[in-house]
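Heads up, the thing below is written out as structure tokens.
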Protein chains: 2
Amino acid sequence: MLDERQVGSLRFRLDLSRPIYEQILEQMSSAIARGDIPLGEKIPSVREMAQALRVTPNTVMHAYQEMEREGLTETRRGQGTFITTSQERVEQFRTELAHRVMEEFLQKMKSLGYSWEDILKYLQAKRGGDSDP
Amino acid sequence: MLDERQVGSLRFRLDLSRPIYEQILEQMSSAIARGDIPLGEKIPSVREMAQALRVTPNTVMHAYQEMEREGLTETRRGQGTFITTSQERVEQFRTELAHRVMEEFLQKMKSLGYSWEDILKYLQAKRGGDSDP
DNA sequence: TTAAGTGTATTACATGTTATGATACACTTA
DNA sequence: TAAGTGTATCATAACATGTAATACACTTAA
């Protein structure tokens with residue numbers, strides 16, 4: 001249950017500071033959102049994933065069920081769990097999540113007394129030292 | 001324990017989704033960071049705050065102790081809890097926190113596949129519709 | 001000296017979330 | 001039929017959080 005575990009083409013970084021199912025959910029959702037997993041692709045079964053991550057199947061199922069609730073996956077009893085084939089849904093999810101992240105960020109900065117000017121200045125200054133993939 | 005409670009000049013918004021002591025800590029820390037509470041000021045006693053927020057003194061003390069660990073307050077046994085008189089410490093705290101918030105934000109956006117261009121574009125577009133305090 | 005108001009510590013208890021482990025059932029495919 | 005799927009349930013444990021009550025040490029002011 002330490003740092004990194006590889007499952008197929010997916011790499012997971014798990015720690016004990018937060019719920020495991022939440023970390024699985026986030027990291028798989030992000031992978032789907034940024035297009036790292038092809039649409040319609042079958043993902044590892046609950047048991048397989050559980051064994052690879054050294055967790056209980058229940059924990060993996062918890063994450064899988066959340067993904068299905070989000071419309072990111074389709075589960076077929078007896079067959080497995082598959083990434084949705086709806087490109088539109090994935091893009092919508094990505095946009096909504098980005099929007100939420102953005103709002104949360106701005107709210108926190110404003111609560112610390114930073115203005116729009118400050119935030120943009122800070123970001124552009126920071127960009128100078130970083131790479132731009 | 002619902003939404004808003006006023007304590008002196010401070011306004012608190014508490015909900016049950018997250019630890020109460022954490023919300024008290026965050027909201028007081030932000031108030032200090034943005035200069036809403038004068039340096040050296042005495043803040044409400046543990047019991048007073050507990051009564052006002054309808055929480056147990058233990059919960060308030062938990063938050064107060066965290067603030068002292070951060071160097072934001074000084075507690076004097078028998079007298080009360082006071083905001084630090086060190087302007088430098090407050091500014092340092094504000095900067096460090098902003099830096100952490102910024103890094104977390106960028107990491108999340110990058111994990112969703114957004115580039116620097118995207119992020120800056122998104123922010124500047126959003127700024128158009130908002131006010132700039 | 002006394003009383004009231006501080007921060008602090010301890011103990012016990014209740015609750016909810018998280019995770020595990022085991023088992024069982026329903027469905028699909030080969 | 002057998003193996004591999006998702007799914008459900010139950011018991012258990014661990015942990016964080018919050019409440020409640022009590023006690024102690026210190027400071028200040030009456």
Side-chain angles (χ1 to χ4, degrees), chain A residues 1-3 5 7-8 10 12-28 40-84, chain B residues 1-3 5 7-8 10 12-28 37 40-85:
Chain A
M1 199 118 61
L2 308 165
D3 32 61
R5 297 209 176 274
V7 187
L10 282 304
F12 289 88
R13 267 203 226 93
L14 304 182
D15 61 84
L16 299 172
S17 69
R18 298 184 309 135
I20 298 175
Y21 84 91
E22 202 173 284
Q23 301 177 54
I24 298 174
L25 171 64
E26 282 179 7
Q27 292 172 37
M28 289 212 66
E41 187 97 329
K42 181 179 185 301
I43 63 178
S45 75
V46 169
R47 291 173 177 80
E48 188 181 350
M49 181 69 84
Q51 194 173 14
L53 298 180
R54 315 230 188 180
V55 245
T56 304
N58 287 13
T59 301
V60 175
M61 194 181 62
H62 194 164
Y64 277 24
Q65 285 178 334
E66 289 294 319
M67 287 197 292
E68 194 188 21
R69 280 200 324 111
E70 291 282 4
L72 293 179
T73 58
E74 295 164 6
T75 61
R76 305 174 201 153
R77 208 188 184 92
Q79 298 186 39
T81 304
F82 302 80
I83 305 297
T84 180
Chain B
M1 201 117 58
L2 309 165
D3 31 61
R5 297 210 176 275
V7 187
L10 284 301
F12 290 87
R13 267 203 226 92
L14 304 181
D15 61 83
L16 299 172
S17 69
R18 297 185 309 135
I20 299 175
Y21 83 91
E22 202 173 285
Q23 301 178 53
I24 298 175
L25 172 64
E26 281 178 7
Q27 291 173 37
M28 289 212 67
I37 315 181
E41 187 97 327
K42 180 179 185 301
I43 62 178
S45 75
V46 169
R47 290 173 177 81
E48 189 181 350
M49 181 69 85
Q51 194 172 14
L53 299 180
R54 313 232 190 181
V55 200
T56 304
N58 288 13
T59 301
V60 176
M61 193 180 63
H62 194 164
Y64 277 24
Q65 284 179 334
E66 289 294 321
M67 287 197 292
E68 193 189 21
R69 278 202 325 110
E70 291 282 3
L72 293 179
T73 57
E74 295 164 7
T75 61
R76 306 175 201 153
R77 210 187 184 92
Q79 298 186 40
T81 305
F82 301 79
I83 306 296
T84 179
T85 57

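Just so we're clear, the structure is a prediction, and the values are computed from it rather than from any experiment. Numbers restart at 1 for each chain; the letters A, B, ... are given by sequence-line order, proteins then strands.
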Compare side-chain N and O positions of [X] against OP1 and OP2 of [N] and report whether any pair is under 4.0 Å apart.
{"X": "Thr59(A)", "N": "dT20(C)", "result": "yes"}
{"X": "Thr75(B)", "N": "dT8(C)", "result": "yes"}
{"X": "Thr81(B)", "N": "dT6(C)", "result": "no"}
{"X": "Gln23(A)", "N": "dA19(C)", "result": "no"}
{"X": "Gln65(A)", "N": "dG6(D)", "result": "no"}
{"X": "Tyr21(A)", "N": "dA19(C)", "result": "no"}

Quiz prompt | Residue Pro19(A), side-chain heavy atoms: nucleotide from dT8(C), dT6(C), dA19(C) that is nearest | solution =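 Of the options given, the side chain of Pro19(A) lies nearest dA19(C).
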Dump every N/O contact between nucleotides 12-15 of chain D and the protein below 3.5 Å, one line per pair.
none

Check the distance between [N]'s [atom2] and [X]'s [atom1] and give it to me in whole angstrom.
{"X": "Ile20(A)", "N": "dG21(C)", "atom1": "CD1", "atom2": "P", "value": "11 Å"}
{"X": "His62(A)", "N": "dT7(D)", "atom1": "NE2", "atom2": "P", "value": "13 Å"}
{"X": "Ile43(A)", "N": "dG6(D)", "atom1": "CD1", "atom2": "C1'", "value": "12 Å"}
{"X": "Glu74(A)", "N": "dT5(D)", "atom1": "CD", "atom2": "P", "value": "18 Å"}
{"X": "Met61(A)", "N": "dG21(C)", "atom1": "CE", "atom2": "P", "value": "16 Å"}
{"X": "Arg18(A)", "N": "dA19(C)", "atom1": "CZ", "atom2": "P", "value": "11 Å"}
{"X": "Lys42(A)", "N": "dT28(C)", "atom1": "NZ", "atom2": "C1'", "value": "12 Å"}
{"X": "Tyr64(B)", "N": "dA9(C)", "atom1": "OH", "atom2": "P", "value": "16 Å"}

Quiz prompt | First of Ser45(B) and Asn58(B) reached from the 5' end of DNA chain C, by closest nucleotide | solution =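 On the 5' side of the pair lies Ser45(B).
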Gap between atom [atom2] of [Y] and atom [atom1] of [X] - 0.5 Å precision:
{"X": "Thr75(B)", "Y": "Ile43(B)", "atom1": "OG1", "atom2": "CD1", "answer": "9.5 Å"}
{"X": "Thr84(A)", "Y": "Glu74(A)", "atom1": "OG1", "atom2": "CD", "answer": "4.5 Å"}
{"X": "Leu25(B)", "Y": "Glu70(B)", "atom1": "CG", "atom2": "CD", "answer": "7.0 Å"}
{"X": "Arg47(A)", "Y": "Met61(A)", "atom1": "CZ", "atom2": "CE", "answer": "10.0 Å"}
{"X": "Ile24(B)", "Y": "His62(B)", "atom1": "CD1", "atom2": "NE2", "answer": "10.5 Å"}

Quiz item: Salt bridge or not for Arg13(B) and Glu26(B), using N-O below 4.0 Å?
Solution: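 Result for this pair is no, no salt bridge flagged.
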Quiz item: Just checking, is any N or O donor in the side chain of Ser17(B) or Asp15(B) under 3.5 Å from an acceptor N or O on the other one?
Solution: yes
Quiz item: Cut-off 3.5 Å, side chains only: do Glu68(B) and Thr73(B) have a donor facing an acceptor?
Solution: no
Restricting both atoms to N or O, compile the protein contacts to nucleotides 23-27 of chain D shorter than 3.5 Å, with distance only.
residue : atom : partner  : partner atom : Å
dT27(D) : O3'  : Gln79(B) : NE2          : 3.4

Practice problem: Could you tell me, to 10°, how much the axis swings from one end of the helix from dT1(C)-dA30(D) to dA30(C)-dT1(D) to the other, five pairs per end? | Solution: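 Rounded value for the end-axis angle: 10°.
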Quiz item: Val7(A) and Leu53(A): side-chain contact (heavy atoms from CB on, under 4.5 Å), yes or no, with the steps?
Solution: CA-CA 8 Å; Val7(A) 187; Leu53(A) 298 180; 3.8 Å; yes
Quiz item: Got Leu14(A) and Arg5(A) here, is their nearest side-chain heavy-atom distance under 4.5 Å?
Solution: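 Of all side-chain heavy-atom pairs linking Arg5(A) with Leu14(A), none is under 4.5 Å.
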Quiz item: Would a 4.5 Å heavy-atom cut-off, applied to side chains only, mark Met28(B) and Ile37(B) as touching?
Solution: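 Heavy-atom side-chain distance check passes, below 4.5 Å.
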Quiz item: Among Thr59(B), Val60(B), Thr56(B), whose side-chain contact (heavy atoms from CB on, under 4.5 Å) with Tyr21(B) holds?
Solution: Thr59(B)
